[in-house]
Amino acid sequence: MIIIGNTFSTIYEIVKKIPRGKVATYGQIALYAGNPRLSQVVGFALHSNPDRENIPCHRVVNRFGDISSSFAFGGENEQRELLLAEGVEFVNQTKVNLEKCLWDGE
DNA sequence: TTAATGACCTATC
DNA sequence: CGATAGGCCATTA
């Protein structure tokens, strides 16, 4: 595999490690990446999304478990459907049950 | 190279 | 309690 850069690579690796049926927050990923303030960069990394086929960006949500309405790769509804298909519980139309589906970090 | 922006988070008024 | 401002890091133009 080709290492493009430290931050991006790390973020991608972490996102790819998210188990099926669970979700992770930007801050959490940033924390695992090495810096809690990378949360913004995490969003940027996923925004670039060079490997959207291998990177489950739909499993990444903000700190409240709310889906990003600004991006919505295929529409907010699409992301919600993908998460539901993996067994992620929702508390409402755009919010996931972090209590049950939050990634523990392996 | 510099400046501006961003799928965020936290603290303060 | 609700809304606003600022700050952090990296990428893009």
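Quick note: numbers below take in every heavy atom, side chains included, and nothing from hydrogens, waters or symmetry partners. Within every chain, numbering begins at 1; the chains are lettered A, B, ... in the order of the sequence lines, protein sequences first and strands thereafter.
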Problem - First encountered from the 5' end of DNA chain B, between A/F64 and A/F44 - result: A/F44

Handout entry: Residue A/S48, side-chain atoms from C-beta onward, closest of C/dT12, C/dC9, B/dT10
Key = C/dT12

Handout entry: Salt bridge present between A/R20 and A/E86 (N-O < 4.0 angstrom)
Key = no

Practice task
Please report the shortest heavy-atom distance between A/W103 and A/I14, naming the atom on each side.
Solution key: CZ3-CG2, 3.7 Å

Exercise for the section: Would you mind reading off the distance between A/L46 atom CG and C/dA10 atom C1', rounded to a whole angstrom? Expected result: 13 Å

Problem - A/L38 side-chain proximity, nearest of B/dT10, B/dC8, C/dA10 - result: C/dA10

Completion exercise
To the nearest angstrom, the CG-P distance between A/N35 and C/dA10 comes to 7 Å

Practice task
Taking the side chain as every heavy atom from C-beta outward, state whether A/V15 and A/I29 have any atom pair closer than 4.5 Å.
Solution key: yes

Completion exercise
Between CZ of A/F8 and P of B/dA7 the distance, given in whole Å, is 12 Å

Handout entry: Distance in angstrom units between A/Y12 OH and B/dA7 P, rounded
Key = 14 Å

Exercise for the section: Write down the distance between CD (A/Q28) and P (B/dA7), rounded to a whole number of angstrom. Expected result: 21 Å

Completion exercise
From the list A/L46, A/V23, A/I11, side chain to side chain contact (heavy atoms under 4.5 Å, CB included) partner of A/V60 resolves to A/L46

Exercise for the section: Verify the contact: side-chain N or O of A/R63 to OP1 or OP2 of B/dT10, cut-off strictly under 4.0 Å; return yes or no. Expected result: yes

Problem - Length of the OH-C1' vector between A/Y26 and C/dT11, whole Å - result: 16 Å

Practice task
Would you tell me if any nitrogen or oxygen in the side chain of A/H47 comes within less than 4.0 Å of OP1 or OP2 on B/dA7?
Solution key: yes

Practice task
Nearest whole angstrom, please: distance from the P of C/dC9 to the OH of A/Y32.
Solution key: 21 Å

Exercise for the section: To the nearest Å, give me how far apart CD1 (A/I29) and P (C/dC8) are. Expected result: 22 Å

